[in-house]
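Notes for the one structure printed next.
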Amino acid sequence: MSRPVARRVAIVGTGVIGASWAAHFLGRGLDVVATDPAPGAEQRLRADVAAHWPTVASLGLAEGASTDRLTFTADIAEAVADADVVQENGPERVEVKHALFAALDAAARPDAILASSSSMLPPSLIAQACTEHPERVVVGHPFNPPHIVPLVEVVPGERTSEDVVQRAMDFYAGVGKRPIRLRQEVPGHIANRLQAALWREAYSLVERGVATVADVDAAIAHGPGLRWAVLGPFVNQHLSGGPGGLAHVLAHLGPPTEDIWHDLGDPALTPQLAEQLVAGVDEELAGIDPADLVARRDAVLHALLAAKAGIDLP
């Protein structure tokens with residue numbers, strides 16, 4: 001088990017993502033200090049960490065890992081004062097990010113990494129609030145739930161230093177994540193843009209009456225989604241080409257694929273379509289407890305990760 005390059009992490013914002021991050025960092029043997037101004041935040045955080053802990057433990061605990069290494073303070077300056085890395089998880093609103101990062105910039109050590117879990121906002125925009133050290137701001141976007149899913153998208157801003165980018169990559173790799181670095185800032189980073197492309201056509205197929213919500217879910221969950229959970233889209237496509245690989249696929253299926261591209265839908269997320277999608281999910285999940293479904297999903301994710309850990313995959 002690799003040793004992380006930081007020993008103390010501050011969690012700013014302890015909602016769904018922040019609590020999951022906290023559990024993960026604790027499981028990797030780090031000291032975690034959390035802060036959140038919401039009433040009852042500490043109690044909710046400790047309950048969430050306790051709920052995540054069996055899964056974190058089953059994935060493997062680092063030496064010294066303990067929930068006893070979690071502390072909480074309502075004072076954001078106190079929370080980040082001695083942190084090596086700050087993982088911010090506030091709402092996806094520019095004004096909120098700016099208020100948070102102005103406070104972080106003023107209170108954190110100059111060498112501390114300021115990472116945002118933002119799924120949409122570019123780090124250059126976030127760093128505008130930092131008048132002291134904008135060069136140490138990055139996006140470190142996890143995939144939910146962070147205590148299980150390995151991916152972290154590391155996105156430097158216009159003023160982020162190369163040293164901070166490399167330290168962030170090393171930090172996430174050191175705590176068992178699979179970090180990837182973006183070479184450009186784009187809204188939604190990489191994975192959310194890929195998801196958005198799929199959602200766009202999924203919504204269109206439902207809107208056009210081609211398929212139900214349940215049909216679309218089944219098509220992915222019991223079809224390409226199984227392969228995508230093992231290998232990425234390019235390698236899967238390469239393997240489908242036999243001895244000729246990707247070159248064969250592109251030569252023979254490229255033109256028909258372009259025909260599909262031209263026929264893809266361009267739906268507008270109207271209130272009517274939103275109502276149709278929600279009704280479809282309600283019908284698909286009728287009688288299923290959402291909390292139980294999350295637990296079963298996470299159990300499968302855990303089993304999948306355990307299986308992948310024993311096999312060398314790109």
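When reading the values below, keep in mind they use all heavy atoms of this one structure, side chains included, and skip hydrogens, waters and symmetry mates.
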With side chains defined as the heavy atoms from C-beta onward, is the minimum distance between [X] and [Y] less than 4.5 Å?
X	Y	value
Val175	His24	yes
Trp199	Leu277	no
Val138	Val155	no
Ile311	Lys308	no
Ile17	Pro146	yes
Val12	Leu104	yes
Val32	Thr71	no
Val152	Arg178	no

[X] with [Y]: basic N within carboxylate O range, under 4.0 Å:
X	Y	result
Glu162	Arg181	yes
Arg296	Asp292	yes
Arg109	Asp84	yes
Asp266	Arg200	yes
Asp31	Arg69	yes
Arg136	Asp163	no

Taking all non-hydrogen atoms of both residues into account, name the closest pair between [X] and [Y] and its distance.
X	Y	answer
Lys97	Ser116	NZ-OG, 3.7 Å
Ile76	Leu100	CD1-CD2, 4.0 Å
Pro267	Glu207	CB-OE1, 3.5 Å
Leu61	Ala65	CB-CB, 4.0 Å
Val154	Ala168	CG1-CB, 4.3 Å
Ser119	His141	CB-NE2, 3.3 Å

For [X] and [Y], indicate whether the former's side chain and the latter's backbone hold a donor-acceptor pair under 3.5 Å.
X	Y	value
Thr160	Val137	yes
Lys177	Val149	yes
Asp105	His133	yes
Arg7	Gly29	yes
Asn144	Pro142	no
Glu153	Val139	no

Worked check of side-chain contact (heavy atoms from CB on, under 4.5 Å) between Ile180 and Ile190: CA-CA 9 Å; Ile180 58 174; Ile190 296 175; 3.9 Å; yes
Inter-residue atom distance [X].[atom1] - [Y].[atom2], 0.5 Å rounding:
X	Y	atom1	atom2	value
Asp298	Leu305	CG	CG	10.5 Å
Tyr203	Leu198	OH	CG	9.5 Å
Leu59	Arg28	CG	CZ	9.0 Å
Ile113	Ser161	CD1	OG	9.0 Å
Glu201	Ile260	CD	CD1	9.5 Å

Consider only side-chain heavy atoms of I, L, V, M, F, W and Y, link residues closer than 4.5 Å, and tell whether [X] and [Y] are in one cluster.
X	Y	value
Val9	Val33	no
Leu151	Met120	no
Ile126	Val186	yes
Leu125	Val96	yes
Leu269	Val206	yes

Which of these, Glu88, His189, Glu92, sits in a side chain to side chain donor-acceptor pair (under 3.5 Å) with Ser118? Glu92
Which is it for Leu45 and Glu42 under the side-chain contact (heavy atoms from CB on, under 4.5 Å) test, yes or no, and what are the steps along the way? CA-CA 5 Å; Leu45 171 62; Glu42 180 177 4; 5.6 Å; no
Other residues, nucleotides and ligands only: do more than 12 of their heavy atoms fall within 6.0 Å of [atom1] on [X]?
X	atom1	answer
Glu95	CD	yes
Arg159	CZ	no
Glu158	CD	no

For Glu78 and Thr73, does a side-chain donor sit closer than 3.5 Å to a side-chain acceptor? yes
Atom pairs and distances, side-chain donor-acceptor, residues 213-223, under 3.5 Å, sequence neighbours left out:
{"unit_1": "Asp215", "atom_1": "OD1", "unit_2": "Thr212", "atom_2": "OG1", "d": "3.4"}
{"unit_1": "Asp215", "atom_1": "OD2", "unit_2": "Thr212", "atom_2": "N", "d": "3.1"}
{"unit_1": "Asp215", "atom_1": "OD2", "unit_2": "Thr212", "atom_2": "OG1", "d": "3.0"}

If the condition is side chain to side chain donor-acceptor pair (under 3.5 Å), which residues does Gln184 pass it with, not counting sequence neighbours? none
Could you check Ser20 against His147 for side chain to side chain donor-acceptor pair (under 3.5 Å), going step by step and ending with a plain yes or no? CA-CA 5 Å; Ser20 182; His147 68 283; 2.6 Å; yes
Could you go through Asp48 and Trp53, starting from their C-alpha distance and side-chain angles, then the distance that decides it, and tell me whether this counts as side-chain contact (heavy atoms from CB on, under 4.5 Å)? CA-CA 9 Å; Asp48 288 342; Trp53 198 248; over 6 Å; no
Could you check His302 against Ser58 for side chain to side chain donor-acceptor pair (under 3.5 Å), going step by step and ending with a plain yes or no? CA-CA 8 Å; His302 175 231; Ser58 67; 3.2 Å; yes
Does the plane of the ring in Trp21 sit parallel, tilted or perpendicular to the ring in Phe25? Use 30° and 60° as the thresholds. parallel
Before giving the answer on side-chain contact (heavy atoms from CB on, under 4.5 Å), spell out for Leu285 and Leu293 the whole-Å C-alpha distance, their side-chain angles and the decisive distance to 0.1 Å. CA-CA 9 Å; Leu285 300 183; Leu293 184 58; 3.9 Å; yes
Show which side-chain atoms of residues 229-243 pair as donor or acceptor with protein atoms under 3.5 Å away, not counting sequence neighbours.
{"unit_1": "Asn236", "atom_1": "ND2", "unit_2": "Arg227", "atom_2": "O", "d": "3.2"}
{"unit_1": "Asn236", "atom_1": "ND2", "unit_2": "Leu231", "atom_2": "O", "d": "2.7"}
{"unit_1": "Asn236", "atom_1": "ND2", "unit_2": "Gly232", "atom_2": "O", "d": "3.2"}
{"unit_1": "His238", "atom_1": "ND1", "unit_2": "Leu246", "atom_2": "N", "d": "2.9"}
{"unit_1": "Ser240", "atom_1": "OG", "unit_2": "Gln237", "atom_2": "O", "d": "2.6"}

